[in-house]
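One structure below.
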4 protein chains.
Amino acid sequence: MTEHRSGPVRSAAAREAILAATARLLVDEGWDRLTIEGIARDAGVGKQTIYRWWPSKGALVAECLLDGRFFPVEPVVRDTGDLRRDLREWLTPVLHFLNSPTGRSLVNSLVAAATGEAGVGAHLSEAFGADRLLADRLRAAVGAGELPPDAPVDELGNAVLGLLIFEVLSKDEIDVTAFLRLVEYLLGPRRTSAG
Amino acid sequence: MTEHRSGPVRSAAAREAILAATARLLVDEGWDRLTIEGIARDAGVGKQTIYRWWPSKGALVAECLLDGRFFPVEPVVRDTGDLRRDLREWLTPVLHFLNSPTGRSLVNSLVAAATGEAGVGAHLSEAFGADRLLADRLRAAVGAGELPPDAPVDELGNAVLGLLIFEVLSKDEIDVTAFLRLVEYLLGPRRTSAG
Amino acid sequence: MTEHRSGPVRSAAAREAILAATARLLVDEGWDRLTIEGIARDAGVGKQTIYRWWPSKGALVAECLLDGRFFPVEPVVRDTGDLRRDLREWLTPVLHFLNSPTGRSLVNSLVAAATGEAGVGAHLSEAFGADRLLADRLRAAVGAGELPPDAPVDELGNAVLGLLIFEVLSKDEIDVTAFLRLVEYLLGPRRTSAG
Amino acid sequence: MTEHRSGPVRSAAAREAILAATARLLVDEGWDRLTIEGIARDAGVGKQTIYRWWPSKGALVAECLLDGRFFPVEPVVRDTGDLRRDLREWLTPVLHFLNSPTGRSLVNSLVAAATGEAGVGAHLSEAFGADRLLADRLRAAVGAGELPPDAPVDELGNAVLGLLIFEVLSKDEIDVTAFLRLVEYLLGPRRTSAG
DNA sequence: AGTTAAACGAGACGGTACGTCTCGTCTTCGT
DNA sequence: ACGAAGACGAGACGTACCGTCTCGTTTAACT
């Protein structure tokens with residue numbers, strides 16, 4: 001039996017405006033210049049409408065992440081049968097994006113959000129697409145014998161993502177070539193499916 | 001030839017009190033509850049004395065990092081001739097520390113600091129000791145033939161560190177066993193020095 | 001037609017607390033130790049609530065003046081038909097008040113406020129009651145023939161007030177007798193209503 | 001001839017620079033934007049040099065007053081035998097000066113200084129020249145029979161000065177004509193020396 | 001169609017912290 | 001010994017947001 005009561009219902013327009021404003025401001029201003037007041041202003045919404053539905057700005061960002069409002073992620077990692085090549089081709093544009101001001105700013109902001117809000121961290125992996133896309137491709141590689149059967153595919157995906165984040169945090173610019181070489185090393189020695 | 005001018009000189013006592021307060025408060029309260037006013041209060045110092053010497057709270061944290069005020073880091077990664085065992089023995093207490101509330105809080109705070117301040121990120125690696133300790137041990141392993149000659153030892157150290165950080169950010173608790181297994185996988189297949 | 005908008009309305013309690021604190025602190029501490037922070041603290045109010053409604057501490061003092069929060073002014077200058085006697089009787093307690101620490105402090109504070117804020121000066125005259133009380137009595141004296149028909153009654157009131165202020169500023173103590181004698185001289189030679 | 005001395009002695013140059021800076025800044029910026037730091041900066045002097053010789057900024061202003069650094073006062077009130085005319089001629093330029101921005105600012109600043117510093121008030125009268133110049137002329141008028149023998153000449157001077165100050169504080173602009181008329185009224189009915 | 005109660009925009013409120021300014025005291029050099 | 005320079009602890013400045021709390025208006029489900 002459903003609870004029911006009279007009165008208006010949650011405004012979809014307000015929700016959309018708030019999340020859109022959050023995403024825009026997070027990218028443009030960064031995590032710590034992202035404020036509830038700013039979001040309310042930008043969304044043309046009362047502050048209370050935000051506090052009514054989200055407990056914190058971290059929760060707003062987490063919802064933006066789930067909505068995929070940040071990365072127009074490459075939907076798949078192609079499978080041409082050559083794992084190293086496929087990864088290289090998927091990673092290259094990602095690395096270049098992360099070297100752009102927008103990319104760096106976005107990663108910094110999302111990581112900052114994650115440090116203050118466990119809920120954001122939990123979705124970081126999905127947000128970057130690493131969990132499904134990367135792991136799927138690695139799993140296929142295991143099936144094809146390109147990786148040993150005991151390869152921890154899920155963890156490997158996270159390792160690549162963690163490395164990516166660490167590079168953004170600690171360096172001015174990621175050296176794309178070196179990064180690709182490292183990933184290749186991490187995957188271990190090349191095997192043929194016949195191997 | 002040094003620039004010199006008359007007048008009083010920077011107070012070492014104030015510097016020490018400020019950095020000590022910063023380190024204490026960052027661990028106890030976390031990055032975004034760390035405030036200049038709080039530091040000044042805790043250090044018994046005027047706010048201006050902080051602003052005179054440091055441009056931001058990130059810079060304060062960066063200096064604490066360089067001073068090694070956060071981790072009483074294990075001074076070396078032992079070298080028994082067995083890289084995997086040595087790493088396991090070094091990593092185990094580190095992982096347990098990172099699973100403790102203090103450890104998690106510290107990593108979260110430092111990463112948060114790094115996202116807002118390029119200078120902090122640049123020192124994250126040193127702070128965790130990964131740069132020197134880990135890389136040194138890996139380099140020795142290359143010399144001993146435990147790792148192939150082309151192993152990118154510096155990047156490998158950062159990869160482990162990045163993975164560590166990512167796990168803290170995205171999970172409630174690091175699975176120590178799984179983490180060690182992953183590291184072992186990343187190092188590639190075991191080789192004998194005779195190999 | 002009045003402008004109206006939705007939303008909360010100005011808090012009368014806050015206004016009262018702020019003005020009361022302002023009046024108390026001005027008398028107790030003096031103009032330049034009167035601070036917005038002190039008022040906010042004393043009134044149990046956020047600073048922004050003060051800044052929202054008053055542009056400066058001078059404006060606060062001006063509003064206190066208009067509210068008559070400083071002098072429990074003698075409501076009238078009595079009219080017994082003898083102008084000189086009536087003035088003497090009204091002025092005597094006023095002069096004694098101005099010789100008291102509270103009185104001196106208050107005049108000093110109000111004058112200081114007036115120098116920094118035109119709005120305060122404009123109300124000084126009303127605040128001391130000189131404008132209405134004194135001028136009314138003088139006007140009656142003109143009607144009764146005690147003063148010549150061309151006597152500038154409003155200006156005369158201000159002259160007495162100006163003199164009063166000047167004495168407080170420039171002397172340690174007003175000589176009551178000399179002051180009364182001077183006022184009497186300024187009014188000009190005694191006239192009978194029969195002229 | 002060069003300054004030479006063994007062992008430094010109070011620097012006349014510093015004193016001069018400090019007082020000059022004080023006078024300049026008081027006129028230009030007003031009492032409450034006059035700061036010790038600003039004076040030191042402007043005078044090219046260490047703050048301590050100021051604190052060593054003067055206890056407060058009020059004392060600095062008082063010394064400037066005594067030095068006559070503010071008004072290039074009309075050196076005398078002329079005596080043509082006609083008190084009212086002489087006063088009118090002396091007061092007219094004074095009133096116009098007080099209506100100028102510089103004049104108003106100066107009076108406001110000096111009065112503000114006087115409210116915070118008894119020592120300044122004590123010299124206000126001399127500073128405006130009222131004490132000597134005005135009183136002298138009034139005394140002469142008594143001698144000439146233009147004023148009654150019991151006229152309180154010193155107090156009359158202060159009364160005019162107090163009125164002047166009050167007008168500056170409480171009005172946007174002094175009405176010169178009305179002011180002169182008032183002064184004339186205060187002096188009492190015209191008398192001839194033969195009278 | 002009218003009633004009714006929650007969601008809405010707006011924004012006032014008591015607070016905390018910001019980064020800057022000046023206070024008056026205190027070193028430290030150089031003359 | 002004095003003067004310039006300026007670091008220091010202290011604390012107010014005016015601004016920005018916090019999260020909570022009214023307000024009046026709008027709107028949708030239930031009479």
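Computed over heavy atoms, backbone and side chain alike; hydrogens, waters and symmetry mates excluded. Lettering of chains follows the sequences in order, A, B, ..., and the numbering in each one begins at 1.
- If you check every strand for non-hydrogen atoms under 4.0 Å, G38(A) touches nothing.
- Between D42(A) atom CG and dC17(F) atom C1' the separation is 16 Å, expressed in whole Å.
- For P8(B), taking side-chain heavy atoms from C-beta onward, the closest of the listed nucleotides dG6(F), dA10(E), dT27(F) is dG6(F).
- With dT22(F), dG19(F), dG24(E) as the candidates, the nucleotide lying closest to the side chain of I36(A) is dG19(F).
- Map G7(B) and K57(C) each onto its nearest nucleotide of DNA chain F; the residue landing nearer the 5' end is G7(B).
- For T35(A), whose side chain is taken as the heavy atoms from C-beta onward, the closest listed nucleotide among dC17(F), dC13(F), dT22(E) is dC17(F).
- Between W53(D) and the phosphate of dG3(F), there is a side-chain N or O to OP1/OP2 separation shorter than 4.0 Å.
- Each of V9(C) and G44(A) was assigned the nucleotide of DNA chain E with the nearest heavy atom; the assignment lying further toward the 5' end belongs to G44(A).
- Taken to the nearest 0.5 Å, the CG atom of D28(B) stands 10.5 Å off from the CG atom of L106(B).
- Looking at the side chain of K47(D), the nearest of the listed nucleotides dT20(E), dC18(F), dG24(E) is dG24(E).
- A salt bridge links E16(C) to R69(C): one of the charged nitrogens lies within less than 4.0 Å of a carboxylate oxygen.
- Checking dC18(F), dG14(F), dA5(F) against the side-chain heavy atoms of Y51(A) singles out dC18(F) as nearest.
- Atom-to-atom, CD of E37(C) to P of dG14(F) comes out at 10 Å; the value is rounded to the nearest Å.
- Put simply, T49(D) has a side-chain N or O that comes within less than 4.0 Å of OP1 or OP2 on dA4(F).
- Along DNA chain E, the nucleotide nearest to A43(C) and the one nearest to R15(A) differ in position, and the one closer to the 5' end is contacted by R15(A).
- Look at CG on D32(A): it is 21 Å from P on dT16(E), rounded to the nearest Å.
- When rounded to the nearest whole Å, the span between CH2 of W54(A) and P of dG19(F) equals 15 Å.
- Here the shortest heavy-atom pairing between A113(B) and V61(B) reads CB-CG1, 4.0 Å.
- The residue R52(D) sits close to a base: some heavy atom pair falls under 4.0 Å.
- Open room surrounds CZ on R33(C); 12 or fewer heavy atoms of other groups in view lie less than 6.0 Å from it.
- In this structure, R15(C) forms no cation-pi arrangement with W53(C), as its terminal cationic atom is not both closer than 6.0 Å to the ring centre and no more than 45° off the ring axis.
- Taking 3.5 Å as the limit, the base of dC2(F) and the side chain of Q48(D) contain no donor-acceptor pair of atoms between them.
- Between R41(B) and the phosphate of dA10(F), there is no side-chain N or O to OP1/OP2 separation shorter than 4.0 Å.
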